[in-house]
There are 2 protein chains.
Amino acid sequence: MAKTLIPEATVKRLSLYLRCLERLREDGRKVVSSTDLSCHLQTRDAQVRKDLAYFGGFGKRGLGYEVEPLISELKSILGLDRTRKIALVGAGKLGLALVAYPGFKRRNFRISRVFDNAARKIGRLWEGVEIQDVELSDRVMKKEHIEIGIIATPGEDAQGVAERLAKAGVKAILNFAPTRISVSEPVIVKNVDLTLELENVSYHLNRADV
Amino acid sequence: MAKTLIPEATVKRLSLYLRCLERLREDGRKVVSSTDLSCHLQTRDAQVRKDLAYFGGFGKRGLGYEVEPLISELKSILGLDRTRKIALVGAGKLGLALVAYPGFKRRNFRISRVFDNAARKIGRLWEGVEIQDVELSDRVMKKEHIEIGIIATPGEDAQGVAERLAKAGVKAILNFAPTRISVSEPVIVKNVDLTLELENVSYHLNRADV
DNA sequence: ACTTGTGAAGCATTTCACAGCC
DNA sequence: GGCTGTGAAATGCTTCACAAGT
């Protein structure tokens with residue numbers, strides 16, 4: 001039913017267009033051209049038009065795109081117009097920083113449950129959420145229909161947690177642990193490896209003379 | 001002088017090969033084939049061979065690639081065989097989590113300076129590093145030849161910090177703030193937007209029926 | 001027999017260029 | 001005049017298929 005002919009690269013840029021539009025809106029802009037959008041991101045104007053045209057003719061010829069309606073359209077396309085419940089496993093420094101991260105709330109992502117396996121952490125409150133025993137996660141997550149799981153454990157625990165999350169009926173997993181995970185269930189898995197970008201930088205520094 | 005004919009996609013995979021090889025080494029493997037490597041990542045064997053061949057004939061026909069030498073080669077290509085000094089600006093929850101992140105140390109990235117502009121944070125110790133006034137950053141960074149800057153401030157401060165880092169002679173900037181930054185100087189800028197992946201997940205959940 | 005290295009083919013994405021509309 | 005939407009061309013990346021080496 002869904003037309004999956006849309007390039008993944010296009011979908012990734014949608015989020016960037018949304019950010020850019022929100023900034024332009026704050027500056028009071030009512031209408032933007034594809035050229036306006038393209039010069040703030042690093043791409044060509046034709047790319048912007050083609051990307052947006054995949055989802056419908058949002059623009060007006062001779063004029064451009066209206067900022068406010070386009071923001072709404074993009075939010076709807078990205079599914080950001082409704083709240084998504086998230087459970088996070090691993091209440092270490094990184095995990096707790098993610099729970100407090102304002103960028104998630106701003107996009108309607110709500111980390112409503114936090115789990116850990118360390119007795120000394122269980123029961124504590126963080127950002128209004130109680131840290132619970134990971135053993136309870138299966139039941140809680142099924143009952144509350146939590147869609148997304150975030151893994152912020154040490155690398156060696158990541159695979160086990162991933163399998164647990166998958167069994168608990170999660171539809172997507174975001175893995176911040178520096179270990180590749182694989183799941184048999186039909187779950188969307190995204191690995192967010194914080195060192196990858198640094199390694200990439202290191203490579204390019206190495207090449208640029210010295 | 002540098003042959004820049006190497007696809008960026010290849011460079012990104014190099015880091016993944018390195019991780020995979022280190023795991024295989026722990027399992028006691030001495031030699032691997034391109035097929036071994038490809039099935040752990042999600043790519044084809046020919047891709048692995050082509051990627052590695054860009055940098056030299058590391059493999060032996062009929063046999064495969066020796067694990068230990070290949071790990072060394074990849075580290076050298078990625079510039080991970082020497083320590084890189086990093087300064088982090090923004091001692092909030094995310095910033096401090098990054099300072100403590102073990103994955104960076106493991107790859108020879110050393111966050112040797114931490115800066116903030118909040119008086120109540122300045123002077124505190126974290127992971128053995130003193131949090132310093134961001135006003136001192138220019139002088140300190142130039143003196144210590146710090147190559148990489150990490151921005152972990154709120155979004156509204158990111159652009160200003162980026163310009164400051166660029167003037168302080170940094171060669172690359174990793175921006176964790178949810179705001180696009182741009183710098184005039186010839187600096188490598190990488191935006192690591194933690195919400196991008198979540199938004200991508202949200203899009204795909206939206207498409208997969210409900 | 002097994003596995004690399006690589007030109008050639010195939011596929012995906014980006015850019016060009018222009019018709020169509022405001 | 002300015003700007004979108006879109007086929008067609010160009011570019012870039014991946015996969016195939018096989019010669020060559022061990």
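Residue numbers start from 1 in every chain, and the chains themselves are labelled A, B, ... in the order their sequence lines are given, proteins ahead of strands.
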Would you mind classifying the nucleic acid contact of A/Arg44 as base, sugar-phosphate or nothing, using non-hydrogen atoms under 4.0 angstrom? sugar-phosphate
Any base atoms under 4.0 Å from B/Ala46, or only sugar-phosphate, or nothing? Heavy atoms, all strands.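 Base contact.
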Applying salt bridge (Lys or Arg N to Asp or Glu O under 4.0 Å) between B/Glu144 and each of B/Lys85, B/Arg139, B/Arg113, report the one that passes. B/Arg113
Below the 4.0 Å mark, does C/dT14 have OP1 or OP2 next to a side-chain nitrogen or oxygen of A/Arg13?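 Yes.
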Taking only the side-chain nitrogens and oxygens of B/Tyr65, find out if one of them lies under 4.0 Å from OP1 or OP2 of C/dG5. yes
With hydrogens left out and only the distance checked, is there a donor-acceptor pair under 3.5 Å joining A/Lys50's side chain and the base of C/dT15? yes
Does any donor atom in the side chain of [X] or [Y] lie under 3.5 Å from an acceptor atom in the other side chain?
X	Y	answer
B/Arg44	B/Thr35	no
A/Ser34	A/Arg49	yes
A/Asn200	B/Glu8	yes
B/Arg19	A/Thr195	yes

Quickly work out the [X] [atom1] to [N] [atom2] distance and round it to whole Å.
X	N	atom1	atom2	answer
A/Glu8	C/dA12	CD	P	13 Å
A/Phe55	D/dG5	CZ	C1'	15 Å
A/Ile6	C/dA12	CD1	P	15 Å
B/Gln42	D/dT14	CD	P	11 Å
A/Leu63	D/dT4	CG	P	8 Å
B/Asp51	D/dG12	CG	P	17 Å
A/Phe58	D/dC3	CZ	C1'	17 Å
B/Leu52	C/dG5	CG	P	8 Å

How far does CZ of B/Phe104 sit from CD1 of B/Ile111, to the nearest 0.5 angstrom? 5.5 Å
[X], nearest nucleotide to its side chain (from [options]):
X	options	answer
A/Arg61	C/dC18, C/dG20, D/dG21	C/dG20
A/Pro7	D/dA17, C/dT14, C/dT13	C/dT13
A/Gln47	C/dG5, D/dC16, C/dT15	C/dT15
A/Ala9	D/dT15, C/dG20, C/dT14	C/dT14

For DNA chain D, the residues among residues 28-39 of chain B that have a non-hydrogen atom under 4.0 Å from it: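 None - not one residue of the stretch has a heavy atom sitting under 4.0 Å from the strand.
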Would you kindly compare A/Arg49 and A/Lys60 by the position of their nearest DNA chain C nucleotide and give the one closer to the 5′ end?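 First, find each residue's nearest nucleotide; the 5'-ward one identifies A/Arg49.
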Cationic N near anionic O, under 4.0 Å, B/Glu199 to A/Lys75: no
Would B/Asn191 and B/Phe176 satisfy side-chain contact (heavy atoms from CB on, under 4.5 Å), going step by step from the backbone distance to the final call? CA-CA 6 Å; B/Asn191 293 284; B/Phe176 283 86; over 6 Å; no
